[in-house]
Visitor: 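Let me begin by handing over the structure; questions about it come next.
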Amino acid sequence: MPHFLAPHIVIPPLPCTIGDYHFVYEAKKYGDDKQSLILVRFDDQEFYLRKVQRNDSQHNEILKCEKNTRIKPTGIIKNALKILCDTQESVISHNLNNNSIRQNLQSDYLKSIAFFTNFTESFILEIGFGSGRHLLHLAKENPHTICVGIEIHTPSIEQILRQIQIENLNNLYIINCDARILLEIMPDNLAQAIYIHFPVPWHKKPHRRVFSEIFLQQALRVLQPNGMLHLRSDDEQYFTDSLHIALRLDSLKMHIYKNQQASVVSKYEARWKRQCKNIFDLQIFKNTSIDNTPTKNTQNIQKTFHFDKILRKNLDNYINYPSKILEKDWFLHIDSLYKAHNIYVLMLCFGDFNQPQNKFLHIEFREDETKSWYVGGDPIPTNAAVKAHQYLKKILMKE
Ligand SMILES: C[S@@+](CC[C@H](N)C(=O)[O-])C[C@H]1O[C@@H](n2cnc3c(N)ncnc32)[C@H](O)[C@@H]1O
């Protein structure tokens with residue numbers, strides 16, 4: 001994570017513009033004078049830097065990227081830090097060299113989650129494509145079908161974007177997102193196939209697995225009739241756990257294979273093969289006659305993340321809020337409050353228990369109006385996130 005460390009970090013008077021960067025305000029953490037957030041704007045993007053005084057004997061200070069508002073490419077954040085680093089009298093250490101702002105992750109084929117808003121075409125999906133061998137193969141084999149890859153690992157995304165360019169593919173799109181969250185906002189009945197090959201088994205933290213009961217329900221909703229969800233794994237436990245989840249549904253057509261030759265061998269698969277491990281395939285087909293997809297397409301639910309009229313007294317009354325609200329299928333955690341004159345920033349974590357979203361809510365009281373927004377863009381509109389937002393709205397707008 002980009003940062004620099006100094007005996008004492010001095011932030012210039014804000015707001016100020018240096019080069020292409022606009023440093024907007026520094027908000028101090030309520031009840032903790034050792035931490036603050038600095039809002040930075042670059043083009044139409046915004047993110048926070050976090051300043052922390054360390055608990056070491058010298059009380060050194062660190063200024064770093066706030067991971068929950070991180071934007072890509074990282075070079076943008078590094079440059080903002082470098083600008084502030086260069087204004088310090090003394091710096092102990094930093095990791096801000098070797099970067100080009102326009103590096104990597106710039107491609108027409110890298111899409112935001114809005115890609116699926118009002119999407120109506122049939123498509124093929126791969127979750128956690130890693131080296132991308134299988135996904136590239138899919139795109140080449142199906143030149144007239146849109147292929148979409150979802151990944152959370154930035155180097156894998158950079159690598160496939162280069163490959164898309166080199167191989168001149170025009171039907172392959174990449175989304176940097178947790179697939180479990182994204183699946184919920186995808187449209188119904190459009191995916192020809194969903195591939196999940198060699199997912200991380202997470203034996204000690206199975207709640208982090210991609211394949212779960214909710215995932216399967218969502219996948220079946222997203223698949224078109226007779227569409228296939230294909231799990232391929234070297235992990236027998238993951239395979240059998242997934243099979244048992246599928247067997248709990250009333251009626252499903254499934255194919256199971258052991259050590260079946262694949263049309264393309266991924267890096268992971270090649271490694272397991274060298275180790276003579278068994279490979280398991282579970283193919284699940286969406287049944288056309290029986291509706292085993294009780295899950296609804298959350299795109300149809302009205303999901304606005306705005307606030308009508310936040311009252312300042314509710315923020316000044318911050319310490320009296322319940323900090324954690326736990327409901328059956330959603331939660332809201334109001335982690336902390338930051339303040340800069342007439343600006344309040346709430347650090348929040350909310351949504352589904354297994355796929356929480358971390359967001360900062362900026363609230364600004366101006367003479368004639370109140371402005372508020374989620375820094376870095378609205379949350380992903382899952383049902384759980386919408387419910388948490390509505391609850392927060394009630395707290396902040398309470399007369
Ligand atoms: C073990 S690798 C397998 C990669 C590739 N499918 C293959 O067969 O070589 C698992 C991949 O899934 C990605 N991944 C893990 N959890 C994910 C999630 N929730 N959403 C999207 N991708 C995920 C990881 O970043 C990693 O690249």
Side-chain angles (χ1 to χ4, degrees), residues 70 72 104-105 110-113 115-116 123-139 147-163 172-186 191 193-219 222 228-239 241-242 245 257 259-275 277-283 351-358 380 382 384-385:
R70 195 163 38 163
K72 306 269 174 53
N104 313 325
L105 290 185
L110 180 65
K111 296 291 181 194
S112 72
I113 58 159
F115 181 73
F116 281 110
F123 66 100
I124 299 174
L125 182 69
E126 180 159 349
I127 291 170
F129 54 78
S131 64
R133 280 190 201 172
H134 182 256
L135 182 57
L136 289 162
H137 171 78
L138 283 175
C147 296
V148 180
I150 308 177
E151 199 20 279
I152 49 172
H153 183 236
T154 310
S156 300
I157 294 174
E158 288 168 355
Q159 185 180 327
I160 203 160
L161 289 175
R162 275 195 296 276
Q163 238 15 69
L172 176 51
Y173 297 93
I174 303 301
I175 302 180
N176 179 194
C177 185
D178 185 323
R180 297 170 302 168
I181 298 181
L182 190 59
L183 207 60
E184 197 190 312
I185 61 163
M186 286 187 190
I194 301 175
Y195 295 93
I196 159 170
H197 284 182
F198 302 94
V200 185
W202 291 114
H203 286 306
K204 291 199 178 135
K205 295 180 183 164
H207 64 276
R208 296 188 67 172
R209 286 180 176 176
V210 170
F211 201 109
S212 67
E213 195 164 341
I214 293 171
F215 171 84
L216 177 57
Q217 285 175 355
Q218 290 290 357
V222 168
M228 174 187 66
L229 171 63
H230 183 185
L231 169 73
R232 185 165 171 86
S233 177
D234 58 293
D235 191 287
E236 191 165 354
Q237 188 66 49
Y238 196 119
F239 164 76
D241 287 351
S242 306
I245 289 172
Y257 302 96
N259 296 326
Q260 182 178 239
Q261 195 66 36
S263 46
V264 55
V265 175
S266 79
K267 259 195 195 165
Y268 273 88
E269 179 160 354
R271 188 192 301 163
W272 305 140
K273 281 202 158 151
R274 281 196 297 277
Q275 294 176 12
K277 282 183 91 176
N278 289 320
I279 309 279
F280 303 91
D281 284 289
L282 171 60
Q283 297 176 341
D352 185 281
F353 301 100
N354 292 336
Q355 297 119 52
Q357 300 191 52
N358 295 291
I380 301 174
T382 60

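Throughout, residue positions are numbered sequentially from 1 according to the sequence presented. Counting starts at 1 for both ligands and their atoms, in listed order.
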Visitor: Please tabulate, one line per pair, the protein N or O atoms found under 3.5 Å from any N or O atom of ligand 1, giving the distance to one decimal.
Guide:
{"residue": "ligand 1", "atom": "6 (N)", "partner": "Gly128", "partner atom": "O", "Å": "2.7"}
{"residue": "ligand 1", "atom": "6 (N)", "partner": "His197", "partner atom": "O", "Å": "2.8"}
{"residue": "ligand 1", "atom": "8 (O)", "partner": "Ser266", "partner atom": "OG", "Å": "3.0"}
{"residue": "ligand 1", "atom": "9 (O)", "partner": "Ser266", "partner atom": "OG", "Å": "3.0"}
{"residue": "ligand 1", "atom": "19 (N)", "partner": "Asp178", "partner atom": "OD1", "Å": "2.9"}
{"residue": "ligand 1", "atom": "20 (N)", "partner": "Ala179", "partner atom": "N", "Å": "3.0"}
{"residue": "ligand 1", "atom": "25 (O)", "partner": "Glu151", "partner atom": "OE1", "Å": "2.6"}
{"residue": "ligand 1", "atom": "27 (O)", "partner": "Glu151", "partner atom": "OE1", "Å": "3.3"}
{"residue": "ligand 1", "atom": "27 (O)", "partner": "Glu151", "partner atom": "OE2", "Å": "2.7"}

Visitor: Have Gln237 and His203 got a donor and an acceptor in their side chains that come within less than 3.5 Å?
Guide: no

Visitor: Are the side chain of Glu151 and the backbone of His153 linked by a donor-acceptor contact shorter than 3.5 Å?
Guide: yes

Visitor: Go through the steps to decide whether Leu135 and Gln163 satisfy the test side-chain contact (heavy atoms from CB on, under 4.5 Å), and finish with yes or no.
Guide: CA-CA 11 Å; Leu135 182 57; Gln163 238 15 69; over 6 Å; no

Visitor: May I ask you to check whether Phe198 and Tyr268 place their ring centers less than 6.0 Å from one another?
Guide: no

Visitor: Kindly say whether the aromatic ring centers of Phe115 and Phe123 come within a distance under 6.0 Å.
Guide: no

Visitor: Where is the tightest heavy-atom contact between Arg209 and Arg180, given as atom of each residue plus distance?
Guide: O-CD, 3.5 Å

